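It should be emphasised that the depicted structure is a prediction, and the values quoted were computed from it without experimental measurement. Each chain gets a letter, A, B and so on, in the order its sequence line appears, and its residues count up from 1.
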Protein chains: 2
Amino acid sequence: MSGIELAVSTVIFALRPDAEGRLVLSLPLVRRIREPFEGRWALPGGAADAGESLADTAARKLAETTGLAPSYLEQLYAFGEPDRSPTGRVVSVVYWALVHGDEADRALEGENVAWFPADAHPALAFDHDLIVGYALWRLRTKLGYARIAHAFLGPTFTLAELRQVHELVLQKPLDPANFRRQIEASGAVVPTGERQTGGRHRPPKLYRYDTTIEPVDTGPLGAAGIR
Amino acid sequence: MSGIELAVSTVIFALRPDAEGRLVLSLPLVRRIREPFEGRWALPGGAADAGESLADTAARKLAETTGLAPSYLEQLYAFGEPDRSPTGRVVSVVYWALVHGDEADRALEGENVAWFPADAHPALAFDHDLIVGYALWRLRTKLGYARIAHAFLGPTFTLAELRQVHELVLQKPLDPANFRRQIEASGAVVPTGERQTGGRHRPPKLYRYDTTIEPVDTGPLGAAGIR
DNA sequence: ACAAAAGTGTTCGTTATACACCCATGT
DNA sequence: ACATGGGTGTATAACGAACACTTTTGT
């Protein structure tokens with residue numbers, strides 16, 4: 001064997017309410033209880049399992065630490081610089097995941113697992129700051145051309161909710177009229193025929209995602225890269 | 001240790017003349033001299049080295065099998081399905097590389113190393129057909145928005161040569177006028193002031209790549225992902 | 001002079017963007 | 001009735017594709 005340790009980590013994103021109730025793009029971190037970097041926060045993960053696919057391992061570690069199931073999971077990058085861990089050579093295959101908001105509400109939290117705003121988290125162990133930065137960049141870039149925003153929402157949603165997801169992730173306001181037309185032109189969503197009542201104004205149409213269309217053009221990898 | 005073997009492989013692309021002298025997008029393959037898949041062609045690669053970065057290992061394996069130095073090298077994907085090798089669990093971090101045409105002419109070739117057209121190669125060992133297909137897709141996709149075409153050429157080139165690279169990779173003719181304007185607008189190239197004489201017609205300007213601009217927007221990973 | 005490729009100009013259709021405006025509901 | 005967000009229409013700009021046209025060399 002090569003003396004190289006293989007690990008799997010996951011950057012998990014969800015939209016969660018902050019102290020004032022405003023939704024914020026957030027991610028769960030785990031506090032390290034051992035050296036190196038004891039006490040520092042880090043990405044959830046662990047050693048790769050010989051019997052599982054890498055994506056399965058990522059989803060399992062995700063579930064073990066947060067109690068959540070991802071609605072989107074994709075490989076991010078394999079980090080393998082020789083000096084990235086003081087304990088020896090570790091290659092980490094990193095995944096990134098999205099979870100539904102209501103799912104994220106049920107997330108475990110405790111002394112050693114906590115959620116932080118995606119762009120205001122403490123300095124992390126190892127090279128995890130770089131990894132989170134790259135995952136954030138991928139999320140924001142991919143949101144522009146791939147149909148992944150629904151992964152933050154439940155099975156049905158209004159276009160205003162979908163637009164809010166884009167606005168929160170991209171951190172800039174979007175024109176409601178143009179956003180509507182872009183989404184409609186993409187064919188990504190289908191109206192359910194129902195409307196959301198209970199608001200203080202005209203009830204908006206509810207939509208669901210068109211599951212007959214591939215969520216992203218991933219090329220020949222297809223669903224192998226995403227689950 | 002986990003019982004998982006870590007390997008590094010590389011998909012290498014170059015534009016090489018075929019029997020009739022026409023340039024074709026090609027890649028070098030190595031013939032397996034051991035089971036499993038003995039006699040079948042496969043991607044160059046081997047076990048990861050504990051002392052080197054993954055990219056260095058990819059470049060070294062590339063040099064060892066083909067005698068070439070890559071002008072572009074980027075991580076493609078980590079393939080790790082449990083059943084992808086009959087000998088046991090192998091996770092392969094795969095890179096893709098571009099080499100200059102004149103460099104590729106000096107490439108080693110022999111009984112167990114040969115070049116094949118990128119879209120007409122024999123059935124490969126392991127899941128390497130999938131890998132090559134994905135690498136081809138990435139190359140063609142990335143050529144559209146990133147400044148990588150020059151990696152197939154020498155230090156200076158004409159816009160017609162650069163356009164030919166695009167046409168050969170994308171397998172479709174491009175409008176010379178529009179191509180010129182797109183490249184000029186991107187600011188990717190700078191005129192050297194010289195012209196290429198010796199042709200049968202008006203001598204074209206020679207250009208070189210503007211190295212002060214990052215070749216691609218790779219986000220916070222920056223040059224870490226590319227070398 | 002002519003062929004061939006270099007290089008420029010112009011038109012046209014699509015798409016992004018900004019913003020004015022109407023619609024439907026709860027209060 | 002009116003405030004509020006849902007939803008539609010429209011003018012403008014930016015961009016890419018198509019193609020006519022001029023320029024410059026070798027033969």
Side-chain angles (χ1 to χ4, degrees), chain A residues 15 21-23 140-147 149-150 153-154 156-209 217, chain B residues 21-23 140-147 149-150 153-154 156-208 217:
Chain A
L15 296 174
R22 282 187 296 262
L23 287 176
R140 289 184 171 133
T141 305
K142 199 145 194 172
L143 197 65
Y145 65 88
R147 305 170 171 134
H150 73 293
L153 300 168
T156 65
F157 46 85
T158 68
L159 287 187
E161 288 170 339
L162 191 65
R163 176 166 50 86
Q164 192 194 18
V165 169
H166 279 81
E167 289 179 337
L168 287 168
V169 172
L170 301 178
Q171 294 176 307
K172 66 175 180 185
L174 298 173
D175 185 304
N178 296 331
F179 181 80
R180 161 180 305 275
R181 271 181 295 246
Q182 280 174 18
I183 296 295
E184 280 172 348
S186 77
V189 299
V190 214
T192 62
E194 294 175 4
R195 286 168 178 279
Q196 188 177 72
T197 56
R200 284 181 297 281
H201 32 267
R202 175 173 176 176
K205 287 184 192 167
L206 280 170
Y207 292 82
R208 60 176 172 74
Y209 244 67
D217 182 11
Chain B
R22 282 187 296 262
L23 286 176
R140 288 182 172 136
T141 304
K142 199 144 193 171
L143 198 64
Y145 66 89
R147 305 170 171 134
H150 73 293
L153 300 168
T156 65
F157 46 86
T158 67
L159 287 187
E161 288 169 339
L162 191 64
R163 176 166 51 86
Q164 191 194 19
V165 169
H166 279 81
E167 289 179 336
L168 288 168
V169 172
L170 301 179
Q171 292 175 309
K172 65 175 181 185
L174 297 173
D175 186 303
N178 295 331
F179 181 81
R180 164 181 301 276
R181 273 181 294 247
Q182 280 173 18
I183 296 296
E184 280 173 349
S186 77
V189 299
V190 215
T192 61
E194 295 175 5
R195 286 169 178 276
Q196 189 178 71
T197 56
R200 281 182 298 282
H201 30 266
R202 176 174 175 176
K205 288 183 192 168
L206 279 170
Y207 292 82
R208 59 174 173 76
D217 182 10

Can you measure from CZ (B:Arg181) to CG (B:Leu159) and round to the nearest 0.5 angstrom? 12.0 Å
Quickly, which of A:Leu162, A:Leu174, A:Leu23 forms a side chain to side chain contact (heavy atoms under 4.5 Å, CB included) with A:Glu167? Name it, please. A:Leu174
In Å and rounded to the nearest 0.5 Å, what is the CG to CZ distance from B:Asp175 to B:Arg180? 11.0 Å
Contact check, residues 197-208 of chain B vs DNA chain D, heavy-atom distance under 4.0 Å, returns B:Gly199, B:Arg200, B:His201, B:Arg202, B:Pro203
Rounded distance (Å) that lies between atom P of D:dG5 and atom CD of A:Gln196: 14 Å
Rounded distance (Å) that lies between atom C1' of D:dG26 and atom CZ of B:Arg195: 15 Å
From A:Thr158 OG1 over to A:Arg163 CZ, what is the distance, rounded to the nearest 0.5 angstrom? 8.5 Å
Suppose the criterion is ring-ring contact (aromatic ring centres under 6.0 Å, His included): which pairs have a residue in residues 167-207 of chain A, not counting sequence neighbours? A:His166-A:Phe179
Minimal non-hydrogen separation, B:Thr156 against B:Arg208, with atom names: CG2-CB, 4.4 Å
Side chain of B:Arg140, backbone of B:Val169: donor and acceptor closer than 3.5 Å? yes
Okay, side chain of A:Arg147, backbone of A:Tyr209: is any donor-acceptor separation there less than 3.5 Å? no
Could you tell me how far apart A:Arg163 (CZ) and D:dG5 (P) are, to the nearest whole angstrom? 10 Å
Stretch residues 165-189 of chain A: residues that reach within less than 4.0 Å of DNA chain D through a heavy atom: A:Ala177, A:Arg180, A:Arg181
